[in-house]
Structures are given as C-alpha cells and as structure tokens.
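See below for the structure under consideration.
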Protein chains: 2
Amino acid sequence: MDKNLKRMATMHRMQVTGMELFYEQGYYNTSVDDILKSLELSKGAFYYHFQSKEDFFISIIQNLIVQKVYSTLIEPIEGNKNPLTVIEKSIDNALQTAENNEMDYGFVVHNFLTEFNGRNETISRYLRDILKIWEVNIITLLQKGKTDGYVIRHVSSEAVASFIISSYMGIRTLMVEGNPRILRYNYISQLRSYLNTMVERELA
Amino acid sequence: MDKNLKRMATMHRMQVTGMELFYEQGYYNTSVDDILKSLELSKGAFYYHFQSKEDFFISIIQNLIVQKVYSTLIEPIEGNKNPLTVIEKSIDNALQTAENNEMDYGFVVHNFLTEFNGRNETISRYLRDILKIWEVNIITLLQKGKTDGYVIRHVSSEAVASFIISSYMGIRTLMVEGNPRILRYNYISQLRSYLNTMVERELA
DNA sequence: AATCTAACCGACCACTTGGTCGGTAAAAAC
DNA sequence: GTTTTTACCGACCAAGTGGTCGGTTAGATT
C-alpha cells in the first residue's frame, strides 16, 4: 500500500503545480511541458497518471478548486447566525486573503469559467456546478434567515444570491491590478449598505 | 487616395473578424491562421498591415472595443437627468442586448481583462483604461447628481461606481451559460434596490 | 532468487504556432 | 510608357504543441 501513497503524492504534486501555472498563465497559455519542467518530471510520468491535459485539469477542479471554494466561501456561512452578517464576513475574509496574496490573479473559478465558457462544455459545466453550490448555499441561508426573523420576507433569495455572487466575481477581477485595499474597503461598504436593505427590523 | 480606402477597408475587415474570433475563443486559443482562413487572406496580407498578433489586438481594442463601450455604457449616461435612473437604464439596455445575442460570451472588456491580467501588462493596461473611463463617467455623474439633489451626499461616488461595475461584470459572466432572462430580471431588481439606498428624498 | 509491475524516462511524432521573405499583379506617379 | 509603390501571396522557418511508445529501474510478490 506504500505504492498507492507514492502514486497519490506524485499526482498531488502535479495537480498543485498545474493549478498554480494554469491560474497564473491561463489554461491554453500553459503547456504540459511547462508544468513538467517546473516539476522536473517527464512526459511519461504525466501521461502515466493522466489521460490528457483536459483530464488533468478536471482532476484539479475536483481535488483542489472545489475544496478551496468550500473552505473559503461555503463552510464559513454554515450555521444559524444572521445570514447577512455571515455572508458579509465570509466575503470580507475572502477579499482579505486575496489582498494579502502577492500573486493574486482573481477568483479562480471565475477566471477559468471565463476561459472555458462556450469553448469547453465539459469543463465549464464543472465550474458552473461549483458556483451553483455556492449559490444554493446562500439561498438556503437566506431562506432560513427569513424564518429566523433576520431577513425581510419579500426579497427574492435567488436574486440576492446571484447579485452577491456577481459583485464578488467582478470586484475580484478589479482587485488584481487595482489598489486591493481601497477596493475591498469600498466594496464591503457598498455590500453592507445593499444587505442592509433587507434587514428585518424587530417590531418595537 | 483610393488606395487608402482599400487599406482601411481590409484592415477593418481583419479587425472585425479578429474581434469575433478572439471574443468567441479567447486570444491565446485563436491563431492568426484561424483568422486568415476565415477571411480567405494570407499571412502576407496580415503582416503587411500589422506588426504582430499583439499589435493587431491592440488595434482592435482601440478601434472596436473602445467604441462599443462608449456607445453602450458611456454615452447613454451623459446628460443632466437623474443619475440613478440613467445608470439603471443603461445597464438594463446593455443586458438586454446581451440577452438577445445568440452568441454571447460575456462582457468583452472583462473577458479579455481576465485573460491578460498579470500576463500582458501592455494589453491589460489598455483594457483597464477603458474601465477607468467608464468608472470616471459614473463618478462624475453621481457627483453632479449630488449637487442636483438626486443623490444623497454622504455616499462615496467612487465606492458606488466600482460596486456597480463589479456587479455588472459578474452578472454578464453568469448570463453566458445561465438563463439570461431571469438573471437579468433578478439582477436589475437588486441593482434598483441598491441604488434606492442613495436616493435623495426631497424635503416635504 | 526470479518474476512482475508501478512509476517514470525521454526520444519521437504529426501538427500548429507566430513570424519572415522573396516574389507578383495592378494601380498610381512620373 | 516606364518606374515606383501598394497590397497581397504562399512557401518556409524555428520553436513549440499535445500525445505516443519502447525502454529502464526500484521495490513488491512469489
């Protein structure tokens, strides 16, 4: 069973490096050779573990990207607290991480989605599914927030969710080459004022 | 001077086709040969008119993309009317155009910005400049809206502008593979309620 | 000790990439 | 009517591209 460990270790190394390079340079602009050179591995090793470049990328989505989205955007909003506060906080945290990342190139899912949208149905489906999971979680949270008396009932949870996701994807792109500190501060201030429009004020 | 006309015509044909293919498939995923094949022109023709693929793309930005942004997003908000109404309307129109476009791949500027961000400083600067122009126009409009009594004074025009731009960029990406009709409707409803937070109510 | 196999090597393949360059037909300039 | 210039052709180039395949080696299995 030691062999299996080595297999997993090598595949994981490849995925991590592949993810880095794809994220930095884009999928089409990164060759398999680029990744292999950076890993000091050979073509043989690559095609022993993966069927194709596309297959390799899909494994990266499933193993690394899904996990990242879960840990930064989904898990932080689980629970029974005030949805509006929790959402704002999770997004602020995600933006802070980006801000502190010297090599930030934007929201991973979004960048790849842009690159594959309408060009590779298989891959873009995987990516859209990830966004969908995030979306569903926000919607569920908001619905629960209504019954718990945090959120006013007449807003459309679906509409709010996709508005939040949209604005997040956009600000992440702007932050790449702009002043991330100011952009984040401004963004959060506006997000807050937007979220405030749907706060349920308790009856006095 | 007839020659100059032909020159311009050919260059323009190339730019239009190049724009189409780059937009549909991405810059790195579209070869010069692809464009030439679609135009039934030769390598010689291409490199007679343009120095390089990059030079060609820059000419597309300057001739086609800038113009498109101006006509759809900037000119519609010029004037002395209520900024909040005007902005909402211009964005709704832009989204409607996208919705009716069978071959929509998202917001042109944003897609290319994502592809070049951190990878080609020259090109991403051009693209960021376009966004900057849009941003400045929104900011100016909002400031004027304050003095004209449409917009409450204590909001940050900069923050509002980048929030609007962010959300627009994001929703355009979501619309590519989602249900554009519903997404647009929902988005506009949320944008409206966001913009409503900064309406100056006239003193009774 | 002999065998087998997982993991990896690297030469090789057909094809594509952005870009060059000598040529050419037709129109403009003289 | 000759020369020059414009606009374009297409063969060619070096450097990649994703992918194949016959080998090699270290360690597990027998």
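Here is the naming used below: chain letters follow the sequence lines, and residue numbers restart at 1 for every chain. All figures in this text were calculated on a predicted structure; none of them were measured in a lab.
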Considering just the side-chain nitrogens and oxygens of Lys43(A), establish if one lies under 4.0 Å of OP1 or OP2 belonging to dG10(C). no

Just the rounded figure in Å: distance from P of dT17(D) to CD1 of Ile35(A). 11 Å

Separation of Asp34(A) atom CG from dA15(D) atom C1', in whole Å? 13 Å

What do the steps show when you test Tyr28(A) against Phe116(A) for ring pair (Phe, Tyr, Trp, His ring centres under 6.0 Å), and what is the final call? CA-CA 10 Å; Tyr28(A) 291 112; Phe116(A) 291 111; 5.7 Å; yes

How long is the line joining CZ of Phe57(A) and P of dG18(D), in whole Å? 14 Å

Quiz item: cation-pi between Lys53(B) and Phe46(B), 6.0 Å / 45°: no

In whole angstroms, the gap separating P of dC8(C) from CZ of Arg13(A) amounts to 9 Å

Test of ring centre spacing under 6.0 Å for Phe112(B) and Phe57(B): yes

Nearest listed nucleotide, side chain of Asp33(A), among dG19(C), dT17(D), dC8(C): dT17(D)

Is the phosphate of dA6(C) approached by Arg7(A) (side-chain N or O, under 4.0 Å from OP1 or OP2)? no

Euclidean distance, atom CG of residue Asp55(B) to atom P of dG19(C) [Å, nearest integer]: 10 Å

Residue whose nearest DNA chain D nucleotide is more 5′ - Asn29(A) or Gln51(A): Asn29(A)

Under 4.0 Å from OP1 or OP2 of dC8(C): is there any side-chain N or O of Thr10(A) that close? yes

Nearest whole angstrom, please: distance from the C1' of dT17(C) to the CZ of Phe22(B). 13 Å

dT17(C) phosphate, OP1 or OP2, under 4.0 Å from Ser31(B) side-chain N/O: yes

Taking 4.0 Å as the cut-off, does a side-chain nitrogen or oxygen of Tyr48(A) come that near to OP1 or OP2 on dA7(C)? yes

Do the charged groups of Glu121(A) and Arg125(A) touch, with an N to O distance under 4.0 Å? yes

Positive for side-chain contact (heavy atoms from CB on, under 4.5 Å) with Leu195(A), one of Thr197(A), Leu191(A), Val199(A): Leu191(A)

Can you see if the side chain of His49(B) gets near the phosphate of dC8(D) - specifically, an N or O under 4.0 Å from OP1 or OP2? yes

Atom-to-atom span, CG of Leu41(A) to P of dC9(C) - whole angstrom: 5 Å

Which nucleotide, dC9(D), dG19(C), dC8(C), lies nearest any side-chain atom of Ala45(A)? dC8(C)

So, is Tyr47(A) close to the dG19(D) phosphate, meaning a side-chain N or O under 4.0 Å from OP1 or OP2? yes

Consider the side chain of Val32(A), meaning its heavy atoms from C-beta on, and name the nucleotide among dC9(C), dG18(D), dG19(C) that approaches it most closely. dG18(D)

Euclidean distance, atom CG of residue Leu36(B) to atom P of dC12(D) [Å, nearest integer]: 18 Å

